[in-house]
Amino acid sequence: MISNNEEFISQLADKYGRNRESLLPMLQEVMDQFYYLNEDCMITIAKELDISTADVYGTASFYSFLDTNEQGKHVIRVCQTIICDMKRKEDIIDAITELIGIKPGETTHDGKFSLHYTNCLGACHKGPAMLINDEPYTELTPEKVKDILVSYMKK
Amino acid sequence: MATELKRTELIFREDIDHSALIRKIMKMGKDSFITELIESGLKGRGGAGFPTGLKWKIVKEDPNPVKYIICNADEGEPGTFKDKEILEKASEKVIWGMALAAYITGAKEGYIYIRAEYKYLSTKLKIAIDRMESHIRTLGINFKLGLIFGAGAYICGEETALIQSMEGRRGEPTNKPPYPVNKGYLDRPTVVNNVETFVNAMIIADIGAEEYRKLGTKASQGSKLFSISGDCSKEGVFELEMGMTVQQFVDEFGDGDTKAVQVGGASGFCVPRKEFKNTIIGFEGVPTGGSMKVFNSSRSMYNILENYLIFFEEESCGQCTPCRVGTQQLLHGIRAVKRKEKPKIYLDELLRLAYTMKYASKCGLGRSVGNAFRSIIENFREEIVY
Ligand code: SF4
Ligand code: FES
């Protein structure tokens, strides 16, 4: 496993270059691969880029889309900002909780889904809005959100 | 009678031959185009309002052999979605606008820094970038354009934080000066412009400064994209001339029961009904990055203010005390007043805190929290207290 990680990170460093500017894109690729930043990867990245592990962790922890604790395969982010709030984002959260049994901040036992609140997704005019991984979903209703989640359960 | 709002249709026009436009500018000469850009009065469309022509001129005149062009696509101001619409429908114009900036300033490399939330646009953008790069090579211009993704941090829309983030660091704003035009990405002279600004530069290249100046008002030239949402008769992105009053706006977009309009996002100003008639939208009145949020009388202004403060408290980078502690205290403060744990005059203390934040915070985030806070407390005090 460890040697696997090392190889993966070294390939990323080849792809992006061994300089500080490569840190964010590398972390983002680790996220895509493992759904969170495990310690091992962060240590290896620090070595590859010749910076301290604290620097890698310090940078990663700044960004809300870079998680340092385990996340589900599909990360659901529901917009909590004012327009979506007015358009009843709570109903969307409730529908999700009802279907997959987790509240914001939690991950399902099977590791399939995590649920989070997020800030304005730039889809206010089509709120309530959410993101699953990179995909935006808008004009949500509790029924619509259930159909969407069911399609992810099969993935 | 409501007066008709002046609409324009420049930004999403499709009949533009971009490479022909660049050829036209090449004939015209770099300095003449900069003069044209300055004369057009175009100011940065991200909200800060720095003259674009001047920015390009400073970078052009810098002898440094390496320069960068950066497009700030880290749109994140609550209620703003016009950059996304541009990237969806007119990405070519953005990309060619960046190529134009590269030609004028002599930069060979550029990046679009786009928020993680818009990552789904990347495939389309990459195709458009490839097309532009090969086209522009035939004109003898070398310009490489890359995509960089944010990772969920509103503050990275602040240009110095954006540069920090591109350099692989925490997105914490740095002091200005030095300005990015002198010492930007990797310490090189850098043009950082908003998505909409690059499009406007292309429009000016097309129609010329004189035509462009005819739109809008003296302080706010040109047309502007507005992101309109909330309790509206219609929501979405609309291209309007600046300089209209809030009343004109509400007549067209309100639902007939508008209580307040938040102009310029969470960091902008809340305009109450009694001020609609004498408030102008533009640099001479309430400035705006283009976000217009409409609230009708069923909405609680307390909930709105609390929602904004939660946003700022989460998005403050935490680097400087007035903003880190200030955002927390404002949020706790209004909650305490609402729960009657504090007397209502406590709001005045909070107003003083917001004022201090305006002057003691390091960047625009901390400095502008007080805008919405003050305008909501002053106009809707009862709603906050009871
Ligand atoms: S004002 Fe706020 S966001 Fe800006 S540098 Fe200070 S703490 Fe960070
Ligand atoms: S408020 Fe939810 S997308 Fe903007």
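Chain letters run A, B, ... following the sequence lines, proteins first and then strands; every chain starts at 1.
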First locate atom [atom1] of [X], then atom [atom2] of [Y], and finally report the distance between them rounded to the nearest 0.5 Å.
| X | Y | atom1 | atom2 | answer |
| --- | --- | --- | --- | --- |
| B:C323 | B:L330 | SG | CG | 10.0 Å |
| A:I96 | A:D91 | CD1 | CG | 11.0 Å |
| A:T108 | A:I100 | OG1 | CD1 | 6.0 Å |
| B:L365 | B:I155 | CG | CD1 | 4.5 Å |

Identify the heavy atoms of [X] and [Y] that sit nearest to each other, and give their distance.
| X | Y | answer |
| --- | --- | --- |
| A:C120 | B:G79 | SG-N, 3.6 Å |
| A:F65 | B:G152 | CD1-CA, 3.6 Å |
| B:A73 | B:L87 | CB-CD1, 4.0 Å |
| B:C317 | B:P173 | SG-CD, 3.8 Å |
| A:F34 | A:C41 | CE1-SG, 3.8 Å |

| query | So what's closer than 4.5 Å to chain A heavy atoms on B:I148: side chain, backbone, both or neither? | reply | neither

| said: What part of B:C232 gets within 4.5 angstrom of chain A, counting heavy atoms only: side chain, backbone, both, or neither? | reply: neither

Per-residue contact mode, [X] against chain B (heavy atom under 4.5 angstrom):
| X | answer |
| --- | --- |
| A:L121 | both |
| A:A60 | neither |
| A:I83 | side chain |

| request: Establish, yes or no, whether a centroid distance under 6.0 Å links the rings of B:F253 and B:F226. | output: no

| task | Could you list which of residues 144-155 of chain A have a heavy atom closer than 4.5 Å to any heavy atom of chain B, in residue-number order? | result | none

| said: Pair A:L27, A:V56 - check side-chain contact (heavy atoms from CB on, under 4.5 Å), show working. | reply: CA-CA 9 Å; A:L27 293 173; A:V56 174; 4.1 Å; yes

| said: Keeping A:T44 on the side-chain end and A:E6 on the backbone end, is there a donor-acceptor pair under 3.5 Å? | reply: no

How about the chain A/chain B donor-acceptor pairs under 3.5 Å, what are they, with distances?
{"from": "A:R20", "atom 1": "NE", "to": "B:G168", "atom 2": "O", "distance (Å)": "2.9"}
{"from": "A:R20", "atom 1": "NH2", "to": "B:G168", "atom 2": "O", "distance (Å)": "3.0"}
{"from": "A:Q28", "atom 1": "NE2", "to": "B:F149", "atom 2": "O", "distance (Å)": "2.9"}
{"from": "A:Q28", "atom 1": "NE2", "to": "B:G150", "atom 2": "O", "distance (Å)": "3.0"}
{"from": "A:G58", "atom 1": "O", "to": "B:R170", "atom 2": "NH1", "distance (Å)": "2.7"}
{"from": "A:Y63", "atom 1": "OH", "to": "B:S165", "atom 2": "OG", "distance (Å)": "3.0"}
{"from": "A:Y63", "atom 1": "OH", "to": "B:R169", "atom 2": "O", "distance (Å)": "2.7"}
{"from": "A:Y63", "atom 1": "OH", "to": "B:G171", "atom 2": "N", "distance (Å)": "3.3"}
{"from": "A:S64", "atom 1": "N", "to": "B:A151", "atom 2": "O", "distance (Å)": "3.4"}
{"from": "A:S64", "atom 1": "N", "to": "B:G152", "atom 2": "O", "distance (Å)": "3.3"}
{"from": "A:S64", "atom 1": "OG", "to": "B:G152", "atom 2": "O", "distance (Å)": "2.7"}
{"from": "A:F65", "atom 1": "N", "to": "B:A151", "atom 2": "O", "distance (Å)": "2.9"}
{"from": "A:Q80", "atom 1": "O", "to": "B:N307", "atom 2": "ND2", "distance (Å)": "3.1"}
{"from": "A:Q80", "atom 1": "NE2", "to": "B:E314", "atom 2": "OE1", "distance (Å)": "3.3"}
{"from": "A:Q80", "atom 1": "NE2", "to": "B:E314", "atom 2": "OE2", "distance (Å)": "3.2"}
{"from": "A:I82", "atom 1": "N", "to": "B:N307", "atom 2": "OD1", "distance (Å)": "3.0"}
{"from": "A:K87", "atom 1": "NZ", "to": "B:E235", "atom 2": "OE1", "distance (Å)": "3.1"}
{"from": "A:K87", "atom 1": "NZ", "to": "B:E235", "atom 2": "OE2", "distance (Å)": "2.7"}
{"from": "A:N119", "atom 1": "ND2", "to": "B:E314", "atom 2": "OE1", "distance (Å)": "3.2"}
{"from": "A:N119", "atom 1": "ND2", "to": "B:E315", "atom 2": "OE2", "distance (Å)": "2.8"}
{"from": "A:C120", "atom 1": "O", "to": "B:R115", "atom 2": "NH1", "distance (Å)": "3.3"}
{"from": "A:C120", "atom 1": "O", "to": "B:R115", "atom 2": "NH2", "distance (Å)": "2.7"}
{"from": "A:G122", "atom 1": "O", "to": "B:K84", "atom 2": "NZ", "distance (Å)": "2.7"}

| When A:L131, A:I82, A:L23, A:L66 are compared by non-hydrogen pairs under 4.5 Å with chain B, the top option | A:I82

